[in-house]
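Throughout, a chain's letter reflects where its sequence line sits, starting with A, and its residues are numbered from 1. Small disclaimer: the values here were computed from a predicted structure and weren't measured.
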Amino acid sequence: MTARPTASPATTWARRLLVAVGVLAAGYGLIGVLTDPSVSLPNYARYAATVLLGHDLLVLPAAIAVGAVLTRWLPRWARPVVQGALLVTAALTVVAIPLLLGHGRRPDDPSALPRDYHRGYLVCLAVIWLVTAAVLALRARRRATATDPGEEER
Amino acid sequence: MVRLPEPLTRLHPARLSRLFTSRLRSPQLTSRLGTLLGAAVAVCFLTGYVSHAIQHPPAWFYWPSRPVGLYRVTQGLHVATGLAIVPLLAAKLWSVYPKLFRWPPFRDAVHAIERISLLLLVAAALFQVTTGILNIALWYSPMSFFFTTAHYWTAWILVGSLLAHIGVKLPIIRRALSAPARTAPADGLSRRGLLAAVGAAVAAITVATVGQTLRPLAGISLLGPRDPRVGPQGLPVNRSAAAAGVTAAATDPGYHLEVTGPQGTLRLSLAQLAAMPQYTAALPITCVEGWSATAAWTGVRIRDLVTAVGGRDGAHVRVTSLEQHSPYRISTLAPPHAADPLTLLALQLRGQPLALDHGYPCRLIAPNRPGVLQTKWVARIEVLP
């Protein structure tokens, strides 16, 4: 790599504008958080730190580790499909957890969280993994009958 | 087959980043995920801002009363897009995860500012997504701050730090998006495969939840926090009469509605209201939490009540609930909504008197407004000068 191509003035100005507007907007939000009495600051800061550290140091490493361990023993052709299915499962689980715990249920309001979420979650998992099994079966069959290895790539 | 872990001294951040072996991580992947994520954040921010502005209108803001179901679209989109962000954000953060362990943490002042703004961006994104999920699941105890204002201010932090981030990374993004596609790594997911998996996750989450506002999908949205078919009179409720503490006042046989305007005050009993000309309108009730359902409401037109006390058509109308302690006790109808012939003081829902939890003896129902502003258990209507 020698000299980098110099950026056009338009790009430079676009970058400056983006950063300037961004800093203003984020500053507006920060001032709002700091001054709005209905945002209790210690609780807000504690919650923000918890989700940040919890995600970066616990949830994501755990997900990477689980994905690596669970797909370790799979044949190479099956790995991507299972990794994809694990991603779908994990994302759906994040959405489902508060519903499964059901803390939002209200005795005086039967329309709040009205469904059987345990059953619903299991049905969703069953659908995800049935589709995964079908895709794997299809891949296995195509692999067995494939004569031209280039055909598998798409 | 299990090897002993390397000595702990190897856990130096600079070495730690070498543990991440996926060759899938690349500026191309990150830029593509970032583009999708940026679009989703933009949709959430704009729809969220619209909802905020309807409830706290700045002077320049105008919100029409038609189309009747516009707010249910913008708010349904807000929640559906917010949920779709879950797999996008997860994949995006995964794609840059090793960079967290870059050493030294700051090369110089500019680099330090960049990394701090990144910290702000990631924290704000995680904050918005998780508080949104907790809110639609009605689980408030982990938050212990007022969700509405915290979510609003953090949206500005998120969008601001995102714009600054795009500004900083623009050359890399440009180069990555215009670069020819690299051949996929042989092991594990391809880039296209990962994007397909993210798409599948978005689809799965959407189908599992969007039935809370798309009635035809209500039967298969097994993880919808609401079912538009479930509730008193087949319609969901967000706040019951018991929770609002209005049961006694609302069922008092001596109930009278007060209507105040330039020509004085009317006190109307429920029988007198029922004797006025009645109109029926099919209008959605739309919650800020993303669920919505259409129902047939019958009652007196607000504009007729305004005329009865000598008010003009272009007036603001303030509606007050019997409820004593709620930030949504009072709601003001802007002229487009106050004058709209579809805006009713509803006495009936689907041909039956309103259930207590739907606002008996009478409630406001107007086209294209958030549910929190459709005041229940109405005590007083004032035509503002």
For residues [X] and [Y], report the shortest heavy-atom separation together with the two atoms involved.
{"X": "B:Ala200", "Y": "A:Val88", "answer": "CB-CG2, 3.9 Å"}
{"X": "A:Leu87", "Y": "B:Pro87", "answer": "CD2-CB, 4.3 Å"}
{"X": "A:Ala91", "Y": "B:Val86", "answer": "O-CG1, 3.9 Å"}
{"X": "B:Pro142", "Y": "A:Tyr47", "answer": "O-CD1, 3.5 Å"}
{"X": "A:Val19", "Y": "B:Ala164", "answer": "CG2-O, 3.8 Å"}
{"X": "A:Gly120", "Y": "B:Leu223", "answer": "C-CD2, 4.3 Å"}

Quiz item: Between the side chain of A:Arg15 and the main-chain N/O of B:Pro171, is any donor-acceptor distance below 3.5 Å?
Solution: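 Side chain of A:Arg15 to backbone of B:Pro171: no pair is present.
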Largest heavy-atom contact set with chain B, pairs under 4.5 Å, which of [options]:
{"options": "A:Ala20, A:Gly27, A:Gly84, A:Pro98", "value": "A:Pro98"}
{"options": "A:Leu100, A:Asp109, A:Ile31, A:Val39", "value": "A:Asp109"}
{"options": "A:Gly54, A:Ala78, A:Ser40, A:Ser38", "value": "A:Ser38"}
{"options": "A:Ser111, A:Gly104, A:Ala68", "value": "A:Ser111"}
{"options": "A:Val21, A:Leu53, A:Leu24, A:Ile64", "value": "A:Ile64"}
{"options": "A:Ala112, A:Pro110, A:Ala96", "value": "A:Ala112"}

Looking only at heavy atoms and a cut-off of under 4.5 Å, which of [options] has the most pairs with chain A?
{"options": "B:Thr154, B:Leu121, B:Leu158, B:Val159", "answer": "B:Thr154"}
{"options": "B:Leu194, B:Ile166, B:Ile136, B:Thr131", "answer": "B:Thr131"}
{"options": "B:Ala208, B:Ala196, B:Gly224", "answer": "B:Gly224"}
{"options": "B:Val129, B:Asp357, B:Leu93", "answer": "B:Leu93"}
{"options": "B:Val122, B:Leu138, B:Thr148", "answer": "B:Leu138"}
{"options": "B:Leu170, B:Thr149, B:Ile133", "answer": "B:Thr149"}

Quiz item: What part of B:Leu120 gets closer than 4.5 Å to chain A, counting heavy atoms only: side chain, backbone, both or neither?
Solution: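 Answer is side chain: those atoms of B:Leu120 sit under 4.5 Å from chain A.
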Exercise. Could you tell me which portion of B:Tyr152 (side chain, backbone, both or neither) has an atom closer than 4.5 angstrom to a non-hydrogen atom of chain A?
Key: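 It is the side chain, since no backbone atom gets that close.
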Is it the side chain or the backbone of [X] that comes within 4.5 Å of chain B heavy atoms, both, or neither?
{"X": "A:Leu60", "value": "side chain"}
{"X": "A:Leu17", "value": "neither"}
{"X": "A:Leu101", "value": "side chain"}
{"X": "A:Pro114", "value": "both"}
{"X": "A:Arg106", "value": "side chain"}
{"X": "A:Asp108", "value": "both"}
{"X": "A:Arg46", "value": "side chain"}

Is the shortest side-chain heavy-atom distance between [X] and [Y] below 4.5 Å?
{"X": "A:Val94", "Y": "B:Ile205", "result": "no"}
{"X": "B:Thr130", "Y": "A:His55", "result": "no"}
{"X": "B:Phe146", "Y": "A:Asp36", "result": "no"}

Just how far is it from atom [atom1] of [X] to atom [atom2] of [Y], taken to the nearest 0.5 Å?
{"X": "A:Leu99", "Y": "B:Leu222", "atom1": "CG", "atom2": "CG", "value": "11.5 Å"}
{"X": "A:Gln83", "Y": "B:Leu189", "atom1": "CD", "atom2": "CG", "value": "4.5 Å"}
{"X": "A:Leu52", "Y": "B:Leu126", "atom1": "CG", "atom2": "CG", "value": "6.5 Å"}
{"X": "B:Leu162", "Y": "A:Leu18", "atom1": "CG", "atom2": "CG", "value": "9.5 Å"}

Quiz item: Restricting to pairs with a member in residues 26-45 of chain A, which pass ring pair (Phe, Tyr, Trp, His ring centres under 6.0 Å), not counting sequence neighbours?
Solution: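 Matches after skipping sequence neighbours: A:Tyr28-B:Trp153, A:Tyr28-B:Trp156, A:Tyr44-B:Phe127, A:Tyr44-B:Phe145.
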Practice problem: Could you list which of residues 125-133 of chain A have a heavy atom closer than 4.5 Å to any heavy atom of chain B, in residue-number order? | Solution: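 Checking residues 125-133 of chain A against chain B gives no residue, so none.
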